[in-house]
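One-based numbering, in listed order, for ligands and for the atoms of each. All of these numbers come straight from a predicted model, not from anything done at the bench. All values below come from the heavy atoms of this structure, side chains included, with hydrogens, waters and symmetry mates left out.
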Amino acid sequence: MNPLNHVAIIMDGNGRWGIKHKKSRNAGHKAGLKVVEKIIKETIKNKIKYLTLYAFSTENWKRPKKEVNYLFSLLENFLINKIEALHKQKIKLKIIGFKKFPKKLNNLLIQSEKKTFQNKQLQINLALNYGSKTEIINAIKGIYKNKNKINEENFKKYLLTKNIPDPDILIRTGDTNRLSNFLLWQLAYSEIFFVKKLWPAFNEKDYNKIIKKYKNIKRNFGSI
Ligand code: FPP
C-alpha cells in the first residue's frame, strides 16, 4: 500500500453550485468553506501530514470586486473564528503565495502562521494569490542570483513549497480536467483524480474513496 503524506486540492465549482442552489456565486463559496472544514477533519483522521488547498489564484483577481472581497471576508472570518481551534488540534497553517492582500487580511495571515508555526499534527498549505509560473520564474531568479549549482535539489529550495514534500494526490472537483497554474513542478509524479462533483457537494465519502483507490495504485516513478 502506498504511503500517503500529502493531498493537494483544486476546490473548483463553488460558483456554479451557488448559482444552481442559491442563485448566488458567493453562497457557493460559503458552502465550499464548510466542505473545507469537513475535509480537514477527515485528513487528520487519515493521519495525512500535509493538505494543500488552492483557495485563490493569481488569476482570480480578474473576478468582480464583489466576489473577490467576499472571498477575502470569508477567509478573514475563518481565521478569526477558527485559528484557536486549529491551533489546539496542532495544525500548522502555511500560506503559499504572494501575500499582497488588504492589510487586515495580510496581518491575520502572518499572525496565524506565527501562532501555529510549531504544530506538527497536520500542515495546511493555503495557496493564496498563488500562481505556479510566477513561482517558477522567481525560483529561477533566486537560484541564478545566488550562483547555486542548478539541479533539482537546489531548485526546489527556491519554490514556495520549500521543505514540503510533493503531493501524492491531486484532487480537482468541478468536472474540469486541467491544472490551472497549480503546483506545475510539484505535481510531476502525483496521482491525479478529477471529480465531476462541484466542491460544495464533495464529501468525506468521496474523499475516502479516492484515498483508498490511491493506496492500491502501483506507482512506478518511471520504473516498471
Ligand atoms: C473555485 O470555484 C473556488 C475558488 C476560487 C475559491 C475557493 C474558496 C473556498 C473553498 C472558500 C474559502 C476557503 C478557505 C480555505 C478559507 P469557482 O468559483 O471557480 O467555481 P466555478 O468554476 O463554478 O465558477
Side-chain angles (χ1 to χ4, degrees), residues 7-44 48 50-87 89 91-99 101-102 104-113 115-116 122-132 167 170-183 194-204 206-207:
V7 176
I9 310 182
I10 302 176
M11 308 177 287
D12 194 18
N14 287 350
R16 279 168 285 161
W17 187 95
I19 294 289
K20 187 168 174 214
H21 295 276
K22 313 258 176 192
K23 294 194 173 57
S24 137
R25 288 183 56 82
N26 285 348
H29 293 309
K30 191 173 171 195
L33 182 55
K34 293 230 168 77
V35 177
V36 168
E37 293 183 36
K38 285 194 227 164
I39 293 305
I40 292 174
K41 282 198 190 117
E42 212 53 33
T43 305
I44 295 177
I48 298 164
Y50 297 88
L51 175 67
T52 300
L53 301 171
Y54 204 7
F56 194 84
S57 74
T58 45
E59 288 76 25
N60 287 152
W61 291 103
K62 293 181 215 154
R63 295 187 176 202
K65 212 164 179 266
K66 200 174 143 222
E67 182 168 337
V68 171
N69 286 342
Y70 185 78
L71 278 168
F72 291 170
S73 71
L74 259 189
L75 184 56
E76 273 177 22
N77 289 332
F78 175 75
L79 293 173
I80 292 168
N81 297 321
K82 304 285 172 171
I83 197 65
E84 204 53 57
L86 295 178
H87 186 46
Q89 293 171 84
I91 293 175
K92 172 176 175 173
L93 194 71
K94 159 116 184 111
I95 309 307
I96 55 168
F98 308 95
K99 288 195 208 86
F101 298 102
K104 185 177 172 202
L105 177 55
N106 253 350
N107 288 341
L108 271 170
L109 292 168
I110 293 166
Q111 281 164 20
S112 305
E113 280 189 309
K115 185 180 176 79
T116 60
L122 164 68
Q123 175 166 334
I124 298 178
N125 305 306
L126 262 193
L128 278 176
N129 196 20
Y130 174 84
S132 192
L170 170 74
I171 300 170
R172 180 179 187 139
T173 57
D175 200 17
T176 306
N177 303 355
R178 58 174 170 251
L179 294 180
S180 300
N181 202 14
F182 188 49
L183 303 175
F194 291 112
V195 177
K196 284 201 168 27
K197 275 189 181 180
L198 305 175
W199 177 250
F202 190 74
N203 60 35
E204 295 94 332
D206 301 318
Y207 191 41

How would you list, by chain and number, the residues with a heavy atom under 4.0 angstrom from ligand 1?
->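 Under the 4.0 Å cut-off, ligand 1 touches Met11, Asp12, Gly13, Asn14, Gly15, Arg16, Arg25, His29, Gly32, Leu33, Ala55, Asn60, Arg63, Leu71, Leu75, Leu126, Trp199.
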
Under the salt bridge (Lys or Arg N to Asp or Glu O under 4.0 Å) rule, what pairs show up with a residue in residues 10-24, not counting sequence neighbours?
->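 Checked against salt bridge (Lys or Arg N to Asp or Glu O under 4.0 Å) - neighbours excluded - the pairs reaching residues 10-24 are Asp12-Arg16, Asp12-Arg172.
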
For Glu37, salt bridge (charged side-chain N to carboxylate O under 4.0 Å, His left out) partners two or more places apart =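 Expected list: Lys82.
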
Residues in salt bridge (charged side-chain N to carboxylate O under 4.0 Å, His left out) contact with Lys38, at least two apart in sequence or another chain |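 Not a single residue meets the salt bridge (charged side-chain N to carboxylate O under 4.0 Å, His left out) criterion with Lys38.
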
Donor-acceptor under 3.5 Å (Asn181 side chain, Gly131 main chain) =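 No: the side chain of Asn181 does not pair with the backbone of Gly131.
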
Would you confirm whether Ser180, through its side chain, and Phe182, through its main-chain N or O, come within 3.5 Å as a donor-acceptor pair?
->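 No, Ser180 side chain to Phe182 backbone: no donor-acceptor pair under 3.5 Å.
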
Is the closest side-chain heavy-atom distance between Leu183 and Ile96 below 4.5 Å?
->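 Side chain of Leu183 against side chain of Ile96, heavy atoms only: contact under 4.5 Å found.
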
